[in-house]
Amino acid sequence: MPPVKIWLLDINDEVIDGKPEIRLWGLDDKGRRTLIIDRSFLPYFYLLLEDDAIPEKVLKEIDVRKTSTPGIVALHVVDKKYFGKPVRVIRVACRNPTLVTKYASSLGRVSGVRDHLEDDIRYSSRYLIDKGINPCGWHKVEVEEVENEVDAEVEKVYLAKSTPRVVDSAETPRLRVLAFSMVCHSAKGSPKPEKDPIVIISSVANDRSQQQFIAEDHDDRHVIESFIKHVQDFDPDIIVGYGSNKQDWPYLIERAKRLGIKLLVDRSGSEPHTSLYGHVSVTGRSNIDLADYAEEIREVKVKTLENIADYLGVTKKEKRTKIEEIDLSSFWEDEEKRPALQRYAMENSQSILGISNITLDFAMQLSNLIGLPLDHVGAAAVGFRVEWYLIRRAHEIGELVPKRTEKPYFPYKGATVLKPKPGIHEKVVVLDFSSMYPNIMIANNISPDTYVKPHEPEPLGGVNTAPEVKHKFRKEPPGFYKQVLSDLIKARNEIKAKLKRLSPESPQHKVLNARELAVKTVANASYGYAGWVGARWYIRPVAEATTAWGRHAIEHTVDLAKKSGLNVIYGDTDSVFVEYKAEEIKKFLEAVKEEVGLEIKPDKVYEPVLFTEAKKRYAGLLPDGRLDIVGLEVARGDWTESAKKVQEGVIEIILKERSADDAVKFVHQYIKNLKSKKVPYSDLIIWKTLTKPIEEYKVNAPHVTAAKTLKRLGWALVPGEKIGYVIEAGGGKLYERAAPYSLTTYDQLDLKYYEENQIIPAALRILSIFGKNKEDLKPEDATQRTL
DNA sequence: GCCGTATTCCTACCG
DNA sequence: ACCGGTAGGAATACGGCG
């Protein structure tokens with residue numbers, strides 16, 4: 001039969017009668033759900049030999065022990081590289097994946113063996129790496145059709161007869177997407193799956209069908225069973241939720257277990273389970289938690305589903321039913337309010353589906369680029385994403401993957417930040433080095449495999465020596481990082497060029513745009529990865545040399561700017577802010593390219609820009625009239641909306657109307673509004689993240705007080721959660737007067753605190769440059785006048 | 001024990 | 001479970017004081 005084309009959605013492995021098999025789940029080019037089983041691939045690991053070891057002797061040693069390692073299928077001596085150095089290794093193939101870890105540690109002790117490597121790479125991952133298979137991509141496989149003896153919920157089941165070959169195609173098949181959300185009920189505090197039922201499950205699919213399952217009384221058996229049936233009937237390829245990996249799925253799994261219901265929502269007749277990086281795996285489908293992608297949206301500070309949906313504009317804010325988490329259960333209990341709760345639940349699922357429409361292209365491109373399955377890639381932290389990409393690239397060039405070992409942490413010096421020139425500057429251009437760190441690594445061949453230790457002899461081709469820190473890197477051959485990063489940068493430039501030729505409305509543009517973003521995130525995170533002690537390829541001098549060259553570059557650039565007759569107003573890491581003088585800038589750019597060896601490009605123009613004494617904080621007016629506010633309170637999530645609105649208003653008046661007195665009047669008016677309670681309650685909430693368990697805090701802090709109150713009332717609080725609190729009137733320390741916003745009323749608030757500790761400091765940050773002080777900002781109210 | 005100041009803790013930002 | 005550099009608020013420690 002002709003080869004089958006498959007777009008890879010999910011992969012898993014099974015061991016049947018002691019024999020391993022890989023299962024590739026996806027869609028064929030006719031849109032049929034397809035499973036391809038590959039039984040031809042054996043798991044393996046490597047034994048790294050001592051420099052003076054004789055491979056044949058080691059093989060003999062291994063043979064002597066064969067009664068204790070009967071599962072060894074094959075042994076091969078192979079040439080590889082380890083940190084760039086040629087090494088001999090023995091590749092030990094095993095009958096099944098369960099033997100790999102066991103055999104690796106026992107054979108690691110054989111004399112002549114220095115270490116065991118790559119035994120920590122899982123069997124299904126091993127398959128993806130070795131076969132060069134890309135998740136969310138097309139492949140061609142020679143197959144034979146077989147009976148569906150594994151009871152897979154697919155239209156076609158095949159047995160692979162060849163290695164899958166990548167087919168270059170940017171097309172995405174038409175996938176079925178199901179969004180779901182749940183409401184659980186508890187009399188008090190957070191619902192607990194041991195006792196509290198799931199009262200509503202809502203689902204919305206991308207064929208626009210909607211379903212809602214509602215508990216009768218407090219019995220959720222029917223809710224769960226109906227949901228399972230619905231998933232089976234709709235048969236989604238992708239299931240999306242918001243917070244689903246940490247909340248919905250674990251809750252569902254526990255409820256189902258308690259009620260003795262089999263949670264059969266996958267395509268292989270088994271139940272969902274928590275897997276790598278804490279994601280929940282649903283075999284044959286891709287289960288995606290959109291909260292993972294929301295993490296990357298810096299503009300949204302409190303990342304609730306509602307806020308993310310608003311930011312992305314996927315649902316109409318005005319039309320939405322708003323219910324505080326704390327009120328959910330009372331809405332359920334109240335017959336009159338229950339319809340509102342049902343609406344709320346359905347709208348949540350609609351928001352989730354809406355967010356998935358925007359997010360999935362990026363998720364798929366990231367999965368395809370990095371090589372992690374779609375359901376893994378979102379859950380994996382940035383460091384692991386970079387690492388996985390490196391692992392796949394390492395395999396291509398025969399570089400062994402180092403083990404993850406614990407290393408001591410020593411801090412090292414980072415980037416240079418210039419002192420700003422305070423005040424207003426009329427016309428300023430920001431020039432920055434594009435992808436500075438990756439380009440520095442490429443230019444100087446900085447890489448774990450090119451590093452030359454202090455006492456090592458210098459290689460023939462010579463070395464690049466980092467300024468200040470004096471770390472050395474061989475010039476030849478091109479290192480691992482150089483190869484990987486040049487490819488990424490090249491790929492990104494090619495995509496950018498293609499994008500320019502496409503109309504922004506075309507579907508190809510959407511996909512390529514997502515691809516560009518995926519490539520950018522990996523390239524930008526590569527320096528951070530290099531400096532991460534937990535990284536497999538961590539070599540401190542690599543990170544240390546990169547920042548040293550970076551400091552050198554910006555310092556040299558500042559010199560050149562001055563020599564070109566340009567006034568440098570500010571700079572941070574890879575940028576310089578200079579006054580806009582076209583002729584001088586042109587010369588300056590050329591000088592930088594010539595002398596620094598890195599390209600610098602004009603980015604933004606501000607007319608004008610305002611600096612205080614502080615670094616990393618400024619506000620500028622862009623040519624189109626928009627304000628660009630960096631680092632200041634407006635850009636932060638731990639100040640009240642009221643303070644931020646005042647500061648933004650002040651900045652706007654200062655930059656556009658150039659009147660500090662008008663700005664002061666604006667502040668006066670706002671404070672008067674506050675005192676007459678015209679400022680909305682929600683603008684007075686302070687949001688702060690709980691960064692560790694409550695007990696571990698060494699000092700009292702307002703948000704911890706509020707968290708303790710919630711905890712007393714039965715609300716489970718985990719690190720990472722945002723606590724919204726307000727300050728109440730009364731005596732004592734601030735932390736004694738902090739309370740959860742949902743448990744407090746407007747009348748209890750300490751408005752003086754909001755005036756003195758929020759609004760005035762935020763406004764003064766800007767206005768103190770113009771000689772205004774605290775007293776100037778306080779409105780003269782009636783009481784003062786009578787005095 | 002009180003008061004003003006220095007230090008530490010804590011969070012969130014920039015690039 | 002990605003880096004170091006930075007700002008700034010609040011809590012707490014500290015030093016002086018008959």
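Letters A, B, ... are given to chains in the order of the sequence lines, protein chains preceding strands, and every chain is numbered from 1.
Backbone-only engagement by Y618(A) is indicated by non-hydrogen atom pairs under 4.0 Å involving sugar-phosphate atoms exclusively. No contact: F433(A) has no heavy atom under 4.0 Å from any strand. In this structure, A543(A) reaches neither bases nor backbone, as no heavy-atom distance under 4.0 Å exists between it and the strands shown. Across all strands, G534(A) comes closer than 4.0 Å to no nucleic acid atom at all (heavy-atom distances). Within 4.0 Å of S575(A), counting heavy atoms only, lies no atom of the nucleic acid at all. Note on K733(A): a base of the nucleic acid sits closer than 4.0 angstrom, heavy atoms only. Among the protein residues, G531(A) comes within range of the sugar-phosphate backbone only, with heavy atoms under 4.0 Å from sugar or phosphate atoms but none that close to a base. Counting any heavy atom pair closer than 4.0 Å across all strands shown, V533(A) reaches no nucleic acid atom.
Residues satisfying the side chain to side chain contact (heavy atoms under 4.5 Å, CB included) criterion with K698(A), sequence neighbours excluded, are absent altogether. Take N567(A) and apply the side chain to side chain contact (heavy atoms under 4.5 Å, CB included) test, not counting sequence neighbours, and it matches K421(A), E579(A).
For the pair K722(A) and dA12(B), the criterion of a side-chain N or O lying under 4.0 Å from OP1 or OP2 is met. Between T689(A) and the phosphate of dT11(B), there is no side-chain N or O to OP1/OP2 separation shorter than 4.0 Å. Phosphate contact (OP1/OP2 of dC10(B), side-chain N/O of H703(A), threshold under 4.0 Å): absent.
The CZ-P distance, from F384(A) to dC3(C), rounds to 11 Å in whole Å. Regarding I440(A), its CD1 atom lies at a distance of 14 Å from the C1' atom of dG4(C), rounded to whole Å. In this structure, CH2 of W388(A) is placed 16 Å from C1' of dA1(C), rounded to the nearest angstrom. Taking atom OH of Y437(A) as the reference point, atom C1' of dC3(C) lies 8 Å away to the nearest angstrom. Between the CD1 atom of I629(A) and the C1' atom of dC14(B) there is a distance of 15 Å, rounded to whole Å. A straight line from CD1 of I686(A) to C1' of dC10(B) spans 14 Å, rounded to a whole angstrom. Spacing between atom CG of D638(A) and atom P of dC13(B) amounts to 6 Å, rounded to whole angstrom units. At whole-Å resolution of the value, OH in Y529(A) and P in dC3(C) are 12 Å apart.
Aromatic rings of Y725(A) and W687(A) (six-membered ring for Trp) have centroids beyond the 6.0 Å cut-off, not under it.
Counting non-hydrogen atoms of neighbouring residues, nucleotides and ligands closer than 6.0 angstrom, the NZ atom of K407(A) exceeds 12 such neighbours. Surrounding CD of E299(A) are more than 12 heavy atoms belonging to other residues, nucleotides or ligands, all under 6.0 Å away. The neighbour count for H556(A) NE2, taken as heavy atoms of other residues, nucleotides or ligands under 6.0 Å away, is above 12. Around atom OH of Y311(A), no more than 12 heavy atoms belonging to other residues, nucleotides or ligands sit under 6.0 Å away.
The list of salt bridge (charged side-chain N to carboxylate O under 4.0 Å, His left out) pairs with a residue in residues 722-736 of chain A, not counting sequence neighbours, is empty.
Axis deviation across the helix from dG1(B)-dC17(C) to dG15(B)-dC3(C) amounts to 30°, comparing end segments of five pairs, rounded to 10 degrees.
Below 30°, between 30° and 60°, or above 60°: for W532(A) and F384(A) the angle between ring planes is above 60°, a perpendicular geometry. Classification of the Y527(A)-Y412(A) ring pair by plane angle, with boundaries at 30° and 60°, yields perpendicular. Ring planes of Y618(A) and F577(A): perpendicular class, angle over 60° (limits at 30 and 60°). Below 30°, between 30° and 60°, or above 60°: for Y277(A) and H376(A) the angle between ring planes is above 60°, a perpendicular geometry.
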Next on the checklist: Can you build the contact string for nucleotides 5-10 of chain C? Use B for base contact, S for sugar-phosphate-only contact, and - for no protein heavy atom under 4.0 Å.
Outcome noted: BSSSSS
What nitrogen or oxygen pairs link the protein and nucleotides 1-9 of chain B at under 3.5 Å?
none

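Electrostatic pairing of K403(A) and E118(A) does not count as a salt bridge here, judged by no charged N lying under 4.0 Å from a carboxylate O.
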